[in-house]
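Since the structure comes first, as structure tokens, the remarks are kept for the end.
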Amino acid sequence: DVQMREGSDLTRLEGEIADFIANRHRIPESQREDAFQVRNMADIQQAISQSGQTMTLLLTVIAAVSLLVGGIGIMNIMLVSVTERTKEIGLRKAIGATSKDILYQFLVESVVVGVVGGLAGVVTGVSLALILNYIAGWATSISPMSIVVSFLFSLIIGLIFGVYPARSASKLHPIEALRSD
């Protein structure tokens with residue numbers, strides 16, 4: 001182990017140490033490259049930092065894909081709901097509900113589906129973190145802010161992906177909707 005003074009040239013010092021070890025052990029010039037390794041903590045620290053950034057990017061991409069898939073699922077569920085409840089929509093419009101009322105109804109339902117999914121995800125994530133902490137002995141910490149952010153994201157995903165089904169429900173003509181089978 002070697003400790004250098006603050007402000008020393010690390011690259012030059014590594015070369016000097018390598019030369020010193022090679023000369024001390026009389027390692028021929030042709031074998032010096034594979035005979036030993038000189039490592040410094042700055043390189044190790046940089047490698048750890050880069051692997052952490054890579055892991056963060058990977059998890060971000062996985063989360064984004066999961067949100068997209070969840071949003072598409074919410075949209076499909078809501079489109080099926082609109083299709084199955086066409087007569088109900090027609091009846092509500094026939095007795096005075098406005099297109100805005102229908103739009104809000106389906107948007108609220110979509111947000112509720114997103115929030116329930118977000119709640120299930122938070123419970124699953126917290127449970128897995130606690131299980132890993134208990135069984136594997138991994139030190140896990142759960143940030144309250146991450147729970148709030150994930151919950152808000154699920155609410156926003158429900159809202160965004162519920163707009164199209166809600167608009168299609170609100171645009172149904174009451175007579176056509178009542179005639180549907």
Side-chain angles (χ1 to χ4, degrees), residues 1-18 21 33-85 102-169:
D1 289 338
V2 176
Q3 185 174 355
M4 63 181 235
R5 285 191 200 109
E6 191 74 30
S8 298
D9 182 13
L10 189 60
T11 307
R12 184 183 61 78
L13 186 61
E14 283 179 1
E16 288 176 7
I17 291 170
I21 293 172
E33 190 174 317
D34 296 328
F36 59 90
Q37 295 178 352
V38 177
R39 296 186 191 140
N40 66 55
M41 292 305 289
D43 290 341
I44 294 170
Q45 207 170 19
Q46 183 180 7
I48 290 171
S49 175
Q50 285 177 343
S51 68
Q53 289 173 350
T54 302
M55 199 62 139
T56 300
L57 179 64
L58 179 67
L59 290 174
T60 302
V61 168
I62 289 171
V65 169
S66 297
L67 285 172
L68 180 66
V69 169
I72 291 170
I74 289 172
M75 186 166 59
N76 285 336
I77 288 169
M78 294 309 299
L79 284 171
V80 168
S81 179
V82 168
T83 303
E84 288 179 349
R85 296 165 58 192
I102 304 294
L103 179 81
Y104 288 149
Q105 173 189 346
F106 280 94
L107 275 179
V108 168
E109 288 179 22
S110 176
V111 167
V112 167
V113 170
V115 166
V116 169
L119 184 62
V122 166
V123 168
T124 302
V126 169
S127 299
L128 286 175
L130 294 175
I131 289 170
L132 283 175
N133 189 14
Y134 181 73
I135 292 176
W138 292 359
T140 58
S141 67
I142 302 163
S143 162
M145 187 54 134
S146 67
I147 292 174
V148 169
V149 168
S150 60
F151 204 70
L152 286 175
F153 263 103
S154 64
L155 184 137
I156 291 168
I157 290 296
L159 185 65
I160 290 171
F161 283 90
V163 168
Y164 177 72
R167 280 183 45 126
S168 64

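In this structure, S110 and L159 approach most closely via the heavy-atom pair OG-N, 4.5 Å. Closest heavy-atom contact between T124 and A120: OG1-O, 2.8 Å. Closest approach of V82 to S168, counting heavy atoms only: CG1-OG, 4.3 Å.
Not a single donor-acceptor pair under 3.5 Å links the side chain of S154 to the backbone N or O of V115. S127 places a side-chain N or O within 3.5 Å of a backbone atom of V123 that can act as its donor or acceptor partner. A distance-only check finds no donor-acceptor pair linking the side chain of S81 to the backbone of I77 [under 3.5 Å]. For the pair T54 (side chain) and Q50 (backbone), a donor-acceptor distance under 3.5 Å is present.
Atom CG of L67 sits about 11.0 Å away from atom CD1 of I72, to the nearest 0.5 Å. Between R85 atom CZ and E109 atom CD the span is 4.0 Å, to the nearest 0.5 Å. Residue F106 holds its CZ atom at 10.0 Å from CG of L79, rounded to the nearest 0.5 Å. Rounding to the nearest 0.5 angstrom, the gap separating the CD1 atom in I147 from the CG atom in L119 is 10.5 Å. Here the CZ-CG distance, from R167 to L107, works out to 10.5 Å after rounding to the nearest 0.5 Å. The line from CD of Q46 to OG of S51 is 11.0 Å long, rounded to the nearest 0.5 Å.
Side-chain atoms of S49 and Q53, non-hydrogen and from C-beta on, do get closer than 4.5 Å to each other. Taking 4.5 Å as the limit, every side-chain heavy atom of Y134 sits out of range of all side-chain heavy atoms of T140.
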L13 vs E16, side-chain contact (heavy atoms from CB on, under 4.5 Å): CA-CA, chis, key distance, verdict = CA-CA 5 Å; L13 186 61; E16 288 176 7; 4.2 Å; yes
